[in-house]
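Note: hydrogens, waters and symmetry copies are ignored here, and every other heavy atom, side chains too, is used. The sequence lines fix the lettering, A, B, ..., with proteins before strands; numbering per chain opens at 1.
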Protein chains: 2
Amino acid sequence: MNTKYEAYEQPGVTVDLAIFTVNDNKLKVMLAKRADDPFKDFWSLPGGFIKQGESLEEAANRVLNEKTGVKNVYMEQLYTFGDPARDPRSRVITVAYFALIPWANLSQPESEKVVDLVWSHVDKFPKLAFDHKVILNYAVKRLRAKASYSNIVYGLMPAQFRLSELQTMYEIIINDKLDKRNFRKRMLSTDLLQETGEKDLTGAHRPAMLYQFKKKEIAFLD
Amino acid sequence: MNTKYEAYEQPGVTVDLAIFTVNDNKLKVMLAKRADDPFKDFWSLPGGFIKQGESLEEAANRVLNEKTGVKNVYMEQLYTFGDPARDPRSRVITVAYFALIPWANLSQPESEKVVDLVWSHVDKFPKLAFDHKVILNYAVKRLRAKASYSNIVYGLMPAQFRLSELQTMYEIIINDKLDKRNFRKRMLSTDLLQETGEKDLTGAHRPAMLYQFKKKEIAFLD
DNA sequence: TATACTAAGTGTACAATGAACACTAAGTAT
DNA sequence: ATACTTAGTGTTCATTGTACACTTAGTATA
């Protein structure tokens with residue numbers, strides 16, 4: 001190692017993830033209970049140290065897969081937090097990511113009796129370890145902002161869905177009601193959706209056409 | 001130090017800066033000639049290792065001040081680059097920032113015979129060290145995007161300016177012509193500008209009112 | 001000192017987009 | 001057969017964006 005480098009402190013580098021899903025009409029984030037000090041038994045955003053030879057994205061995907069079992073979901077880098085005092089023990093810089101998972105993709109959610117992982121309502125979450133409250137609030141803000149000018153919510157939708165389900169998803173994320181006719185007009189004019197040809201026959205009412213996204217890529221709406 | 005931490009490689013952490021200014025009707029970025037290996041004598045974005053007890057923002061401001069002599073200019077975190085192979089010697093993760101400096105704020109630009117710093121046109125720059133080409137392109141993209149939906153160009157304007165100078169600045173950044181009347185209407189309707197009461201009497205033509213920004217904060221235009 | 005020159009400064013008509021709003025349709029349940 | 005529920009559909013009006021040309025207030029110069 002170059003001697004010049006040794007004049008500087010080598011901080012630890014972690015990734016931390018704000019993993020979102022929507023269930024029960026609420027935007028939820030995954031929290032992990034810490035097993036060790038510091039902040040033992042506090043809830044925190046799932047994360048971990050970067051491993052040798054692993055890129056930041058690979059580390060984030062590894063943590064995501066370890067905690068949720070899913071792969072290939074929407075994920076983007078959020079921000080890097082490096083306050084010298086954010087970890088009480090030693091210098092740790094964390095690169096925060098946020099990820100979106102359709103609830104339906106989560107294998108047997110809640111059923112495995114994991115007590116150290118919960119899906120917590122983002123507007124009412126417990127005291128968090130480190131600066132994770134700041135990170136989480138930042139992630140929620142970014143998600144809500146992006147929902148209003150992009151199609152990012154596709155990351156939360158199942159493979160097929162009714163337009164009313166898509167509208168509800170938008171309403172949950174942006175936390176506001178939308179006009180049904182204007183919403184449908186706008187969505188169908190974007191060329192992002194296509195009919196699957198199938199109908200949803202559940203419920204005592206007129207069946208809904210089912211739609212899917214043409215491609216799972218972020219696009220800007222306006 | 002916790003033994004758990006030692007199981008992981010501790011990468012070096014740097015900040016790298018894309019420092020922009022506009023001069024001679026061109027968007028320019030500061031490049032620094034590397035004195036040492038790796039990439040000795042290549043041009044690169046100015047940067048440096050994080051010091052003990054220094055936050056990322058402090059490190060970025062330190063590098064900014066070392067290279068340009070300025071403080072308190074617009075700066076934001078851009079993205080964090082962590083490919084394991086981005087530094088050929090050892091693992092180095094870099095947190096990239098971008099900064100904007102009005103040309104007029106630069107003390108005696110070019111005059112001090114510094115040969116290891118240049119302002120390079122962003123559309124035609126030399127081969128860069130490391131992954132700095134990727135970082136620079138990302139920064140330019142972000143700046144150009146933000147210019148079209150925010151007032152970020154205030155970071156490039158002197159204290160007082162003519163509306164036509166502001167328009168030219170927008171045109172340089174977004175790389176497109178704007179309609180004079182529509183531009184003025186839009187700008188004056190934002191409540192971001194105020195007349196200074198002074199006039200610019202240079203040139204053989206009707207003098208222009210001089211304006212300033214009410215507050216130096218980013219705002220969204222549409 | 002009149003005239004030419006240059007950039008500053010100003011308004012309107014039309015097009016496109018966004019927002020508000022209520023009824024009919026097609027199933028299931030009783 | 002009737003009630004019930006969500007799906008699905010258009011139009012009007014307000015707001016915003018876009019295209020476009022002439023007058024004004026100085027300086028330069030003949």
Side-chain angles (χ1 to χ4, degrees), chain A residues 22 24-25 145 147-151 153 157-158 160-213 219-222, chain B residues 22 24-25 145 147-151 153 157-158 160-213 219-222:
Chain A
V22 168
D24 192 24
N25 280 358
S148 46
Y149 64 81
S150 81
N151 69 335
V153 304
M157 299 301 292
Q160 296 195 130
F161 48 85
R162 295 175 283 143
L163 283 184
S164 61
E165 292 175 306
L166 183 61
Q167 181 178 344
T168 300
M169 187 62 79
Y170 270 91
E171 291 175 337
I172 291 166
I173 304 302
I174 67 178
N175 207 18
D176 202 3
K177 280 285 173 193
L178 296 170
D179 178 89
K180 180 162 75 161
R181 275 176 290 188
N182 292 338
F183 176 81
R184 297 166 80 94
K185 230 182 309 174
R186 181 144 161 267
M187 277 297 147
L188 294 174
S189 73
T190 59
D191 201 44
L192 295 168
L193 298 174
Q194 62 185 185
E195 293 188 3
T196 62
E198 295 180 59
K199 291 184 185 180
D200 179 317
L201 289 161
T202 61
H205 52 79
R206 178 173 176 173
M209 293 299 305
L210 289 173
Y211 288 82
Q212 63 191 12
F213 286 100
F220 298 98
L221 290 185
D222 305 335
Chain B
V22 168
D24 191 24
N25 280 357
S148 47
Y149 63 82
S150 80
N151 69 335
V153 303
M157 299 302 292
Q160 296 194 132
F161 47 85
R162 296 175 282 141
L163 284 184
S164 62
E165 291 176 306
L166 183 61
Q167 180 178 344
T168 300
M169 187 62 78
Y170 270 91
E171 291 175 339
I172 291 165
I173 305 302
I174 67 178
N175 207 17
D176 203 2
K177 281 284 174 194
L178 296 171
D179 178 89
K180 180 161 74 160
R181 276 176 288 189
N182 293 337
F183 176 80
R184 298 166 78 94
K185 231 182 311 174
R186 178 143 162 266
M187 277 297 147
L188 293 174
S189 72
T190 59
D191 201 45
L192 295 169
L193 297 175
Q194 62 187 184
E195 293 188 3
T196 63
E198 296 180 60
K199 292 184 184 180
D200 181 318
L201 288 161
T202 61
H205 51 78
R206 178 173 178 174
M209 293 298 305
L210 288 173
Y211 287 83
Q212 62 192 12
F213 286 100
F220 297 97
L221 290 185
D222 306 335

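- Between B:Phe183 and B:Tyr170, the two ring planes are perpendicular [angle over 60°; tilted spans 30° to 60°].
- The phosphate of C:dA7 has neither OP1 nor OP2 within less than 4.0 Å of any side-chain N or O from B:Arg162.
- Under the 4.5 Å side-chain criterion, counting only non-hydrogen atoms from C-beta, A:Leu188 is in contact with A:Leu163.
- Between A:Arg162 and A:Asp200, the closest heavy-atom pair is NE-OD2, 3.6 Å.
- No side-chain donor-acceptor contact under 3.5 Å links B:Ser150 to the backbone of B:Ala147.
- Atom CE of A:Met209 is separated from atom P of C:dA26 by 13 Å (rounded to the nearest Å).
- Checking side-chain atoms of A:Glu195 against main-chain N and O of A:Met209 turns up no donor-acceptor pair under 3.5 Å.
- At distances below 3.5 Å, at least one donor-acceptor pair connects side-chain atoms of A:Thr196 with backbone N or O atoms of A:Leu210.
- Distances shorter than 4.0 Å separate none of the side-chain N or O atoms of A:Arg206 from OP1 or OP2 on C:dT28.
- Looking at residues 187-205 of chain B, you'll see B:Lys199, B:Gly203, B:Ala204, B:His205 sit with a heavy atom under 4.0 Å from some atom of DNA chain D.
- Taking side-chain N and O atoms only, A:Ser164 has no distance below 4.0 Å to OP1 or OP2 of D:dT6.
- In this structure, the side chains of B:Leu193 and B:Phe161 come closer than 4.5 Å at one or more pairs of heavy atoms.
- Rounded to an integer number of Å, the gap from B:Leu166 CG to C:dA7 C1' is 16 Å.
- The distance between atom NZ of B:Lys180 and atom P of D:dA21, rounded to the nearest whole Å, is 13 Å.
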Base, backbone or nothing for each nucleotide of nucleotides 12-21 of chain C, written B, S, -, heavy atoms under 4.0 angstrom, 5' to 3'?
B------BBB
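- Distance B:Asp176 CG to D:dG17 P: 17 Å, rounded to the nearest Å.
- Put simply, CG on A:Leu163 is 20 Å from P on C:dA25, counting in whole angstrom units.
- Side-chain contact check for A:Val22 versus A:Thr168: every heavy-atom pair is 4.5 Å or farther apart.
- The residue among B:Pro207 and A:Leu210 whose nearest nucleotide of DNA chain D lies closer to the 5′ end is A:Leu210.
- Between B:Asn182 and the choices B:Arg186, B:Lys180, B:Arg184, B:Lys185, the side-chain hydrogen bond (donor to acceptor under 3.5 Å, both in side chains) rule is met once, by B:Lys185.
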